[in-house]
Amino acid sequence: MNRLFALSCSLIVSTLALSGCGGNDSGSSSNDPQGQGEVQYKLTFTTLWNAEDFPQGFPSNPHFSPLVGATHNEQTVIWRPLDQPSTTGIEQVAETGGTSLFRAELQERKTQGYVQNILLAGGGVGSPGETVLRFRASEQFPLLSIISMIAPSPDWFVGLRDVNLREGGEWLESATFNLALYDAGTDLGVAFTSADSDGGDGIIRLLSSDVSDTDFNNGVHRSSGLYVATMQLQREE
Ligand SMILES: [Ca+2]
């Protein structure tokens, strides 16, 4: 396999707003008049992968697995290309869409004080399509990392990592991120519908493939530069 190495997670819109407030009941709309520094965000996951724009090897049942991730602090890395090998939890998500091992890893980091909220969507989403996940964040755990498997695929996924919701002492108001496609490095398959083939160096890289296998180079369409998905964050309270 010829895999190119690069990083990409482009922030295309970002605005900031003042002050943070909110309750601490995940998913609720309760207010926090005493200002304990918690806020709620709406994450909109828009899947753009479609047969017209990405025809090479496009499968018959395109979808993305349930979003899974966490709000966390700077003392832990949930996933990071090139720098940190895929955990068994990442491998499970990227290969099967299952979240049990990954959530167990996040729970352990929560016990260690690195993670606050473990995020899990209720289901997957077709592509093209859209799904929404709401979550809360606090000043002590202002980073967001979250992933979803593109499916079917050998071990390919999209996600956000280390998005700082509170840069410079202010909560992020809204932002939209283009999501490049990553290879978890845990399966040797080269096409969306390749049979399972366990192996690889476990290093997370932007997906690059042969022209005959997929349209992807460095995680985007090799000629159009199109992305397979976006995530939009909107602060709600
Ligand atoms: Ca594997």
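All ligand and atom numbering here is 1-based and tracks the order in the structure. Residue indices begin at 1 and follow the sequence shown.
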min-distance N/O/S atom, D198 vs the Ca ion (ligand 1), resolves to OD1

Aromatic rings W156 and F192: how do their planes relate, parallel, tilted or perpendicular, breaks at 30° and 60°? perpendicular

- Item | Short N/O/S contact of D187 with the Ca ion (ligand 1) (below 3.0 Å) | no

Margin query: Using 3.0 Å as the threshold, say whether any N, O or S atom from E95 sits that close to the Ca ion (ligand 1).
Written below: yes

Practice item. For S127 and P62, indicate whether the former's side chain and the latter's backbone hold a donor-acceptor pair under 3.5 Å. Key: no

Worksheet item: Just wondering, is there an N, O or S atom on D196 that's nearer than 3.0 Å to the Ca ion (ligand 1)?
Response: no

Go through it in stages, so that I can follow the logic: the residues are T88 and E105, the test is side-chain hydrogen bond (donor to acceptor under 3.5 Å, both in side chains), and I'd like the CA-CA distance, side-chain angles, deciding distance and then a yes or no. CA-CA 9 Å; T88 55; E105 292 170 358; 3.2 Å; yes

The atom of E91 among N, O or S that is nearest the Ca ion (ligand 1) is OE2

Worksheet item: Are the charged groups of R103 and E108 less than 4.0 angstrom apart, N to O?
Response: no

If we ignore hydrogens and angles and just use 3.5 Å, is the side chain of D187 paired with the main-chain N or O of S197 as donor and acceptor? yes

